[in-house]
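Below, chain A is the first sequence line, B the second, and so on; all start at residue 1.
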Protein chains: 2
Amino acid sequence: MTATIRDVARLAGVAVSTVSLVVNNKGRVSKKTEEKVRQAVAQLDYHPQHSARGLVTRRSGNFGFILSTDHFSQAEPFYTKIFLGTEFEARSVDYYILLTTIERHFNSSKIPRFLLERNVDGVILVGTVPHKIVDYIAERRLPIVLVDYELPRMIHSAVLIDNADGIRQIVHHLHELGHRHMAFIGGDMKHPGMIQRCKAFQETIETTGLPFDPDLLLCDQETSNIETGYVAMEKLLSQGDRFTAVIAANDAMAVGAVRACQSRGYRVPLDFSITGFDDVESAITSRPALTTIHVPKEKMGATALRHLAGIIKGTAYEGTRVTIPVRLVKRDSTDHPRSHTLSA
Amino acid sequence: MTATIRDVARLAGVAVSTVSLVVNNKGRVSKKTEEKVRQAVAQLDYHPQHSARGLVTRRSGNFGFILSTDHFSQAEPFYTKIFLGTEFEARSVDYYILLTTIERHFNSSKIPRFLLERNVDGVILVGTVPHKIVDYIAERRLPIVLVDYELPRMIHSAVLIDNADGIRQIVHHLHELGHRHMAFIGGDMKHPGMIQRCKAFQETIETTGLPFDPDLLLCDQETSNIETGYVAMEKLLSQGDRFTAVIAANDAMAVGAVRACQSRGYRVPLDFSITGFDDVESAITSRPALTTIHVPKEKMGATALRHLAGIIKGTAYEGTRVTIPVRLVKRDSTDHPRSHTLSA
DNA sequence: TTGAAAGCGCTAACAC
DNA sequence: GTGTTAGCGCTTTCAA
């Protein structure tokens, strides 16, 4: 049925090992034989069989891609896009991706099958994942790359967002517009990225020489979605007019904050400037479109894959942290503060 | 390192072939030997190696899952959930899923690698896909299951939404509320599901004995998203007060329609009842929450996988159409028509 | 009911 | 440079 390496060898009039060498670009094959082999390969539409190769090389040719179920089925395709970047990159290095989701809580009876069967050569873990699964994989000596997540101990490679720089860009942007009193609303402080954004806010405020008001730093929400953004904004508004701009920890919270303003009759950006972070779909579609920080999601996925492949090839070191740069995208949710609102 | 079948055989004191029989639940092994083998398997944490098995059985143990890139990175996790259902079901039948996306336009140089390498035993194609890729796969005699899509010729298995029944439920719901003049807005008439919804609307209106007004059937939009819903609704409104309810072809268009109403100062459902279809995230989060048709997405994915596995096992027939039932979800976007609006 | 052995398609070590 | 050959771990005849 499908052509095997023997068929190619026969047609080209060479040994199977020669075909193997050509196909894998290994070793010293004469231009002439190589040409013969390549022709036979093309003619028979030969493709090496994955399992046969895997059996002898003791490599599966697969990478695992693990993320939590709720991350994946989230309305915003944040993680989907990371996967897309990974899958796309995988094609160019000839790996397959085995995507699976896990529940938030580690359950040793629900270990991904590709780990049990050792059917992957490395694993990419995306977003918040149980620490135990990371340990489990590490124990099995499989290379790991975390994406948008990190563990306290710096053993594992990670692809991270430059959260601090993003916040810095936002603060500077608002500062340039004339804002002096900015609030920050965050949530889900279990995620290291959220902590970074929150910290970076305080730091930047101080290094920029702006007054820091602890009442304007609200990070007590459990999660960071539209609803919690709404709630946080309401809290802020109930404190009175002490700020002219609100920096939300992500786009979803920003959308919620905008809604809270609007339902109280405030206008964005006229009465308050509000910013997001991540640049997801809703940053563009919501009204007003959000000024936010663009996070290159596909690029993160691609970087993770490339790094993982590098670890296996021996060209990259395990335990490296790669930080992905971000950039400010100015849209319609920020403007100069209304002079009369506050003069500080 | 990892235990092989020989290790198990040695520990259990039997032949490798016996272990194989036990592990695969094949054939007549005595209770006693079976017990010995199972213990050895557990003790060594033995799992058959995918590639080795694949090599001899000539089965890859993988299924391909293909959908278009834009479907997958859509804001609403419609297709993501279908995948989730597939992946989950795959675990129970011991298959791996190889997910890949393709561009809308078929490009023979970009054929998924798992097809070239014959590294899948069957393929699930989801949503609108190029016909040519279906032909390509069929030519290679790989079983195919389409999900939420169908081709004119009824050769391939498909898992479909009961669109007609969904529309029927909506019309009846509105009718019960007292509506007599309903409009329908649709888009993307390249998708067979959209055509079905549109047709079903007209049919149901007639069989219910309601007056059918062709001006209230708007299916001329290119796509079916928030924006086109908005545009369609504006067209409708510009025609004057000839209807009290609007049935949108999906939730996104319904959201757009609601916005169009609101920006003209109309209130939903006070002035107009508006319904969606699909029951995606935004049906719940948008205000008012949409009355819509719930489509069990995970179930569709699971059904597709189960069917594909069935085809391979010989317990299901290729070319079968499975229709997934849907149900009405009443929320806040529908109510009785305002008596003074129209009495017809 | 169990065991011995062949061989799936490929790579890699070793001859030549 | 190229060919011969021994397995990788498993399933599957075929004998016993």
Side-chain angles (χ1 to χ4, degrees), chain A residues 1-38 40-41 44-62 94 96 114 116-121 312-313, chain B residues 1-38 40-41 44-62 94 96 114 116-121 312-313:
Chain A
M1 177 88 209
T2 321
T4 75
I5 199 170
R6 299 175 73 133
D7 300 325
V8 178
R10 201 173 308 133
L11 181 62
V14 298
V16 287
S17 55
T18 309
V19 177
S20 177
L21 290 174
V22 171
V23 169
N24 297 297
N25 299 309
K26 284 188 189 169
R28 337 116 284 258
V29 182
S30 77
K31 266 266 163 280
K32 230 175 74 188
T33 11
E34 172 168 353
E35 192 44 41
K36 275 194 298 182
V37 172
R38 294 227 181 274
V41 164
L44 297 172
D45 192 29
Y46 168 73
H47 295 273
Q49 192 177 298
H50 201 72
S51 350
R53 180 182 273 176
L55 185 55
V56 53
T57 58
R58 302 158 155 290
R59 295 248 178 97
S60 66
N62 304 323
D94 276 15
Y96 286 112
F114 57 63
L116 295 173
E117 298 185 351
R118 300 200 124 265
N119 194 25
V120 292
D121 303 334
I312 284 166
K313 272 195 303 188
Chain B
M1 177 84 209
T2 322
T4 75
I5 197 170
R6 301 174 71 133
D7 301 324
V8 178
R10 202 174 306 134
L11 182 61
V14 297
V16 288
S17 52
T18 308
V19 177
S20 178
L21 290 176
V22 172
V23 169
N24 296 297
N25 299 309
K26 284 188 188 169
R28 334 118 287 254
V29 181
S30 75
K31 266 267 163 280
K32 229 176 75 187
T33 4
E34 173 169 352
E35 192 44 41
K36 274 195 299 183
V37 172
R38 294 227 182 272
V41 165
L44 296 172
D45 192 30
Y46 168 73
H47 295 271
Q49 192 177 298
H50 200 73
S51 345
R53 180 179 273 178
L55 184 56
V56 52
T57 58
R58 301 159 156 288
R59 294 248 178 98
S60 66
N62 305 322
D94 277 15
Y96 286 113
F114 58 62
L116 295 173
E117 297 185 353
R118 300 199 125 267
N119 194 26
V120 291
D121 303 334
I312 284 167
K313 271 195 304 187

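- When every heavy atom of A/D7 is checked against every heavy atom of A/T2, the shortest pair comes out as OD2-O, 4.1 Å.
- Listed for the B/H50 side chain is a donor-acceptor partner under 3.5 Å among the backbone atoms of B/S60.
- To the nearest 0.5 Å, atom CG of residue A/N62 and atom CZ of residue A/F114 are 9.5 Å apart.
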Polar pairs (N or O, both sides) under 3.5 Å between protein and nucleotides 2-4 of chain C?
{"from": "C/dT2", "atom 1": "OP1", "to": "B/S30", "atom 2": "OG", "distance (Å)": "2.8"}
{"from": "C/dT2", "atom 1": "OP1", "to": "B/T33", "atom 2": "OG1", "distance (Å)": "2.3"}
{"from": "C/dT2", "atom 1": "OP2", "to": "B/S30", "atom 2": "N", "distance (Å)": "2.8"}
{"from": "C/dT2", "atom 1": "OP2", "to": "B/T33", "atom 2": "OG1", "distance (Å)": "2.9"}
{"from": "C/dG3", "atom 1": "OP2", "to": "B/A15", "atom 2": "N", "distance (Å)": "2.7"}
{"from": "C/dG3", "atom 1": "OP2", "to": "B/T18", "atom 2": "OG1", "distance (Å)": "2.9"}
{"from": "C/dG3", "atom 1": "N7", "to": "B/S17", "atom 2": "OG", "distance (Å)": "3.1"}
{"from": "C/dA4", "atom 1": "N6", "to": "B/S17", "atom 2": "OG", "distance (Å)": "3.2"}

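- Protein atom NE2 of A/H47 is 12 Å distant from nucleotide atom P of C/dC10, rounded to whole Å.
- Here the closest non-hydrogen pair linking A/I312 and A/D121 is CD1-O, 3.4 Å.
- For C/dT11, the OP1/OP2 oxygens have a side-chain nitrogen or oxygen of A/S20 closer than 4.0 Å.
- Here the range on DNA chain D touched by chain A, meaning any atom under 4.0 Å from one of its heavy atoms, is D/dG1 to D/dG9.
- The shortest heavy-atom contact between A/A9 and A/A15 is CB-C, 3.9 Å.
- Straight-line distance from the NE2 atom of A/H50 to the C1' atom of C/dC8: 16 Å, rounded to whole Å.
- Near-neighbour residues of DNA chain D inside residues 54-62 of chain A, defined by a heavy atom below 4.0 Å, number-ordered: A/L55, A/V56, A/R58.
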Audit row: A/K31, A/E35, salt bridge (charged side-chain N to carboxylate O under 4.0 Å, His left out) steps and yes/no: CA-CA 6 Å; A/K31 266 266 163 280; A/E35 192 44 41; over 6 Å; no
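- Separating the CD1 atom of A/I5 from the C1' atom of C/dC8 is a distance of 14 Å, rounded to the nearest angstrom.
- Between the side chain of B/H47 and the backbone N or O of B/A3 there is no donor-acceptor pair closer than 3.5 Å.
- The shortest heavy-atom contact between B/A12 and B/A40 is CB-CB, 3.9 Å.
- Nearest heavy-atom pair, A/E34 versus A/V29, reported as atom, atom and distance to 0.1 Å: N-CG1, 3.9 Å.
- Scanning all heavy atoms of the two residues, the minimum distance from A/V8 to A/V37 falls at CG1-O, 4.3 Å.
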